[in-house]
Enquirer: 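Here it is: the structure, laid out below.
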Amino acid sequence: MEQYNHKKIEVKWRQRWEKEETYKVDLDKAKKPFYNLMMFPYPSAEGLHVGNMYAFTHSDAYGRFMKLKGFDVFEPIGLDGFGIHSENYAIKIKEHIKDVSGRTEKNFYNQLHMIGNAYDWSRTVETYKPNYYRWTQWLFLQMYKKGLAYRKKSSVNWCPSCKTVLSDEQVIAGNCERCKTETKKKDMAQWFWRITDYAEKLLKNLDTIDWSEDVKTIQRNWIGKSEGALVKFAISDFRLSIDVFTTRPDTLFGATYFVMSPEHLLVKRITTIEQKKEVEKYIKVAAKKSDIERTDLAKEKTGVFTGAYAINPVNNEKIPIWIADYVLAGYGTGAIMAVPAHDERDWEFAKKYDLPIIEVVKPNITESTGSLRRRPSPFKKGEEAPPQDDKELFTGDGVNINSGFLDGLKTEDAIQKMNDWLEEKKLGKREVNYKLRDWCISRQRYWGPPIPMIECAKCGWQPVLEKELPVELPEMDDFLPDGTGKGPLNKIKEFVNVKCPKCGGPAKRETDVSDPFVDSSWYYMRYLCTDFNKKALDKKRLSKWMPVDMYIGGKEHSVLHLLYSRFVTMVLHDLGYVPEDEPYKQFRAHGLLIKDGAKMSKSKGNVINPDEYIAKYGADAIRMYLLFLGDMRQGGDWRDSGMAGMFKFVNKIWKIGTQIATNKKTNSHESEKLLHKTIKAVGEDLEKLKFNTAIAKLMTLSNVIQDKGCLKDDFGKFIIMLAPFAPHLVEELWSKLGNKNSVFKEKWPKYDPKLVKDEMIELVIQVNGKVRDRLEVEAGIAEDEAKKLALESEKIKKWVKGKKVVKVIFVQGKLVNIVIK
Ligand code: ANZ
Ligand code: ZN
């Protein structure tokens, strides 16, 4: 018998697909459009990582399944080639980034061909080519015109190793998302995109999109909506007042001191001469800490008294003003009223500096939700504790005490009443705050699209005219960032010195480039419009194809790419360029692929190189193995033994296939029933992206077919189900069965409902022991299902109507008895 020659077979089919344009979609004529998207890869020169392949294979298997279900599946691919990772690699190997990029692209696309995905290769997109980044710059200009792009000096995140600023989303637990170096805060003027204008919409729309729940939760928390009030505190001995943001205006009677962030602009003004030295010292120390350190609950609180006092507006009490770094400059108003009895941080601070504590909310015994913490008493038995120590920290909702006009009210009512009171007296107002900050998009690096702005001494910042786009990235040899805070482009005089687009006078170009996440914030729409050279996007095209039907990718982009691209889509929608305001109808996150229980990493030497394995086992066997490893959401653990096992399975299918094709064992009906059950079950699994269980079911069926044989036609149905996973192998077997066309021109097989049913039995339904109905049901019917059917029977309803059902008894395979009173 002919051996399974994966090398020959896989190349043969890939060439045929290409020649016959099997996966090319006519975007305008497609009748049942289905946009199947996988995340934009940013490969290094080493190329395809098996982690990419893991994600892509799942996405592709789903796309192929939808194609077999009769959809016109558009599955594009491209390359996100701009960015620091590419640049750093070029620096490392001492080659020019342009040459490296060209090579990377070639190698990467070759690899992508080899894994056998159903890509439409006629619509690739590469972010570093002028015909793409021209439109990325156009996007900047649209933002600018809408007032959503602005330049501001502020305290931004600086990565000392990448020598550039980063957005808040790119700082993960204090470290650079890319190189893991600890970031610093630096005061610099940068370009921002006003994503905060869309905070409410970004939050609200989450309820309308079908995404992995955990990713939605991460976005909700990141947006961080919080409803509260702004309260005005007058400053004693000054004609001045300072606002605080609080989520608990009901605790105002318990505000016993006031805290400003060390960076608050009014600190210098109110600090007394006596306290000046200490305050200045403290400000210096605080400036060195990251926000993460400052807000870490486990860290000991520190602070300094300013010498000044604020007036609590509800009782006109003088309360001391401190500065402390647990209050952040960038949130709310950068100042708080401290309520130590009901806020954990304030509690610790008050204990440390011996500040007064007044309890104003007590737990509502019947419905308390918060936590009550009594500190272990430092006093021995018999000793008298000072009165302050029987105070308790209580952070939950409850009932007000010691609060004048709020006494006796429940927290939610107390909040409303206080807010009404504040608004009436003009001492405050209701306020909504978001944690989300504007997106800092400028980068002091070379390998990105130059930001299309020009600064004129006379006219200020001016946008480059749209017809002048692209602002081409000039060639330069020494593109290393120098850490001065200026991008490398600043070194090229001919690039920098230009004429002002407005007055024609001498002006200077912006030399920062934009964040690579800007490139990837809109690529999925460009895939659909690569044939338009005079505009970025074509609305008619987008109406037909957007939003993306299924997007599969990593969770690590939850608040990066997945949030940015939603924002950009919303803006372009509001500007009339995009018909819908959400980019992805469905998003499913996949888990991580690991190796022998550990994360793959170069230092451990356990990185799987797909090329090597493809050469040894063929792409189909690897695809099958990656899909079989575990549930997509959980990720999987690669083991070479498992890979070898899957290779055996692929060979077994080949063997059965060649037998059936030569008419051996083709007159048996014995596997028919299982075939139809499998068609039903595998279809249901694939709808839910449960590739591993689908493959397991096909393995079971293959055993039965091997044993008992099957009709040629039925074997055809079996391999169509395998086609999403092992497309080359199935094409070859399909043609061996005598078919002329690609198997992907076929339809997903239909099951015969009669054959998927289990044996039927007669289930007797009794009411109080008397037979009142008989139902035909599957022999294996579950208890719940049987009881439900019994109670829904029209005949039974008559007997049960108006009575109370006391008990329902189920006897497997026999009867249901309903006991009524
Ligand atoms: C008084 C109070 C009493 C508070 C109480 C809480 C409990 P979220 O939910 O995160 O919005 N806060 C306000 N601005 C702050 C800043 N810049 N840095 C640090 N903390 C700040 O939290 C809002 C609460 O966090 C506010 O409500 C304020 O403390 C504090 F029993 O005000 B609260
Ligand atoms: Zn000018």
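Whatever order the structure lists ligands and atoms in, that order sets their numbers, starting from 1.
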Enquirer: Every pair of nitrogen or oxygen atoms between ligand 1 and the protein that is under 3.5 angstrom apart - can you list them with their distances to 0.1 Å?
Expert:
residue, atom, partner, partner atom, Å
ligand 1, 10 (O), K435, NZ, 2.7
ligand 1, 11 (O), S226, OG, 2.6
ligand 1, 11 (O), Y331, OH, 2.5
ligand 1, 17 (N), L328, O, 2.8
ligand 1, 17 (N), Y331, O, 2.9
ligand 1, 18 (N), L328, N, 2.9
ligand 1, 27 (O), T246, OG1, 3.4
ligand 1, 27 (O), T247, N, 3.0
ligand 1, 27 (O), T247, OG1, 3.2
ligand 1, 32 (O), T246, OG1, 2.7

Enquirer: Distance alone, cut at 3.5 Å: any donor-acceptor contact between the side chains of N433 and S226?
Expert: no
Enquirer: Are F258 and Y309, when compared by the centres of their aromatic rings, separated by less than 6.0 Å?
Expert: no
Enquirer: Tell me which donor-acceptor pairs under 3.5 Å the side chains of residues 156-166 have, and how far apart each pair is, sequence neighbours excluded?
Expert:
residue, atom, partner, partner atom, Å
N157, OD1, K185, NZ, 3.2
N157, ND2, L166, O, 3.3
N157, ND2, D168, OD1, 2.9
T164, OG1, Q444, N, 3.0
T164, OG1, Q444, OE1, 3.2

Enquirer: Between the side chains of Y326 and E348, does any donor sit under 3.5 Å from an acceptor?
Expert: no
Enquirer: Is there a donor-acceptor pair under 3.5 Å between the side chain of T217 and the backbone N or O of E213?
Expert: yes
Enquirer: Could you check, using the six-membered ring where one of them is a Trp, whether W322 and F349 have ring centers closer than 6.0 angstrom?
Expert: yes
